[in-house]
Number of protein chains: 2
Amino acid sequence: MGTRDGKILLTREDWIRAALGAIGEGGVNAVAVERLAKTLGASRGSFYWHFRDRADLIDAALELWARKNTAELVPELDAITDPVQRLRTLLRSVYEQPVDAVELTLSAASDDPVVAPVFARVTRQRIDFLHRIFTDLGLPPSQAAARAWLAYAFYIGHHQLGKNPEASELRPDRLDRVVELLTRGK
Amino acid sequence: MGTRDGKILLTREDWIRAALGAIGEGGVNAVAVERLAKTLGASRGSFYWHFRDRADLIDAALELWARKNTAELVPELDAITDPVQRLRTLLRSVYEQPVDAVELTLSAASDDPVVAPVFARVTRQRIDFLHRIFTDLGLPPSQAAARAWLAYAFYIGHHQLGKNPEASELRPDRLDRVVELLTRGK
DNA sequence: ACCTGAACACCGTTCAAGT
DNA sequence: ACCTGAACACCGTTCAAGT
């Protein structure tokens, strides 16, 4: 944020930060160029100097989120050698409150043309991660693949269900049974 | 659809049908009063004779969907006596193409104030249904509850992942392993 | 009872003009 | 290089006026 003639100059990053805030609060639809401009004290026209269009802004915001969030988390978890413990640590974050608001938006809007490619990349990284857990447990690759898919679909569904207060009352209060089911057998 | 002076009169149902079509094609956001009015050959003002506002229309559309879809499906599946077969039949519908477009919208937008109550009701009915499957299998209630939750979260997550072509390439091609995992063990 | 048409506020995008 | 302000199209909602 530079200044000139006492006026504040905005950077691309200023807009991105504002967009991520809006996504967290109200989802992708809440990213309104006019509202952000008002918040940042600039005109709508100014926005179009920094970004091609609204989709460009959302794309940049999600890219930033994915880098900070997934790319940095996976190596950290991979450091845990016991695969069951690694799975438990991952799933525990699902049960944590509050769930990352951008994460929710991402999976809910995964068919949005802007969201889709980011979501696909994050998904691939995460399923790879789960697959490693199950092969480390000694499962053959095809079984590990089925189980990784089940675990990841569970992860996504759990998030979606958690958004709805009435639905989440129905969920079990302990993770243990879920972990046990996923890691048992063979 | 009556007529008067050669002019077509629209009913609430005409608007609801148009709204369900729009939801299926582009999600809840695609329900635009002006666009529907143009499609139906009426003015926007006319819409507000039949509905309080846009949310009222979406609500009515989802109610209709839930009645047709879930309330009629559950008794039909309950007729299958073997619980494993019942689960397999249910999960098979998840793997079927194409997945119901309204179903996708419903779980993706389950935090939307209009969608939330409908989603919560549908969720309760379905988890009850799954719970019955697992108690029929001989599991104690608390274990059946954990497993019903896992199965339903899987169901939702599977749908969400299926929206994304790249993500769904990673899913296993056979349901059998998933059914086996869910139904196995004491 | 049901609909039209104009009005207002909000938003995305473009662009000539300013510094 | 970065921004403003006006313009246009699209949309939700209201309401007086029509039949």
Side-chain angles (χ1 to χ4, degrees), chain A residues 1-62 105 109 111-116, chain B residues 1-62 105 109 111-116:
Chain A
M1 256 215 278
T3 55
R4 188 182 49 177
D5 311 339
K7 286 193 63 62
I8 292 154
L9 296 186
L10 294 174
T11 66
R12 236 179 111 87
E13 261 225 65
D14 294 324
W15 289 96
I16 291 175
R17 257 199 294 274
L20 270 178
I23 290 174
E25 279 168 37
V28 177
N29 310 36
V31 179
V33 175
E34 178 158 52
R35 196 160 343 120
L36 294 181
K38 201 171 285 175
T39 306
L40 293 169
S43 67
R44 280 178 288 179
S46 160
F47 168 83
Y48 286 91
W49 172 258
H50 297 285
F51 298 89
R52 200 165 14 83
D53 53 18
R54 180 174 167 275
D56 186 23
L57 169 63
I58 295 170
D59 183 45
L62 293 179
T105 295
D111 55 343
D112 181 294
V114 186
V115 175
Chain B
M1 261 221 269
T3 55
R4 189 182 48 177
D5 310 339
K7 286 193 63 61
I8 293 153
L9 296 186
L10 293 173
T11 66
R12 234 179 115 86
E13 260 224 66
D14 294 325
W15 289 96
I16 292 176
R17 256 199 294 275
L20 270 179
I23 290 175
E25 278 169 38
V28 177
N29 310 37
V31 180
V33 175
E34 178 158 52
R35 194 155 351 116
L36 295 182
K38 200 170 288 176
T39 306
L40 293 169
S43 67
R44 280 178 288 179
S46 159
F47 169 83
Y48 286 91
W49 172 257
H50 297 285
F51 299 89
R52 200 165 16 82
D53 53 17
R54 180 175 168 275
D56 187 22
L57 169 63
I58 295 170
D59 184 45
L62 294 179
T105 295
D111 54 342
D112 181 293
V114 187
V115 175

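Quick note on labels: first sequence line is chain A, next is B, and so on, each numbered from 1. All values reported here derive from a predicted model rather than from experimental measurement.
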D:dA16 P sits how many Å from B:Tyr48 OH, rounded?
17 Å
Length of the CG-P vector between B:Asp56 and D:dT13, whole Å:
10 Å
Could you tell me the separation between the CG atom of A:Asn29 and the P atom of D:dC11, rounded to a whole number of Å?
15 Å
What is the distance, to the nearest angstrom, from the CG atom on B:Leu57 to the P atom on D:dT13?
10 Å
Are the side chain of B:Ser46 and the backbone N or O of B:Ala42 linked by a donor-acceptor pair below 3.5 Å?
no
Distance in angstrom units between B:Lys38 NZ and C:dG5 P, rounded
14 Å
Contact under 4.0 Å: B:Arg35 side-chain N or O vs D:dC11 OP1/OP2
yes
Check whether any side-chain nitrogen or oxygen of B:His50 sits under 4.0 Å from OP1 or OP2 of C:dA1, and answer yes or no.
no
Please, what dot-bracket string fits DNA chain D when only Watson-Crick and G-U pairs with both distances under 3.5 Å count, crossing ones use [ ] and pairs to another strand use |?
||.|||||...|||||.||
Upstream residue (5' side of DNA chain C) when A:Glu34 and B:Trp15 are each assigned their closest nucleotide:
B:Trp15
Of A:Ser46 and B:Gly45, whose nearest nucleotide on DNA chain D comes first from the 5' end?
A:Ser46
N/O donor-acceptor pair under 3.5 Å between B:Arg12 side chain and B:Phe51 backbone:
no
Answer yes or no: is there an ion pair linking B:Lys38 with B:Glu34, defined by an N-O contact shorter than 4.0 Å?
no
What integer distance in Å separates B:Trp49:CH2 from C:dT4:P?
13 Å
For residues A:Ala61 and A:Ile23, report the shortest heavy-atom separation together with the two atoms involved.
CB-CD1, 4.2 Å
Could you check whether any side-chain N or O of B:Asp56 sits under 3.5 Å from a backbone N or O of B:Asp53, counting only pairs where one atom can act as donor and the other as acceptor?
no
Got a donor-acceptor contact below 3.5 angstrom from the B:His50 side chain to the B:Leu57 backbone?
no
Return yes if the base of D:dG12 and the side-chain atoms of B:Arg44 contain a donor-acceptor N/O pair under 3.5 Å, otherwise no.
yes
Check the phosphate of C:dT13 against A:Arg54, side-chain N and O only, distance under 4.0 Å to OP1 or OP2. Yes or no?
no
Separation of C:dT4 P from B:Leu9 CG (nearest whole Å)
9 Å
Rounded to the nearest 0.5 angstrom, the CG-CG distance for A:Leu9 and A:Asp14 is 10.0 Å
Separation of C:dA1 atom P from B:Arg12 atom CZ, nearest Å, is 16 Å
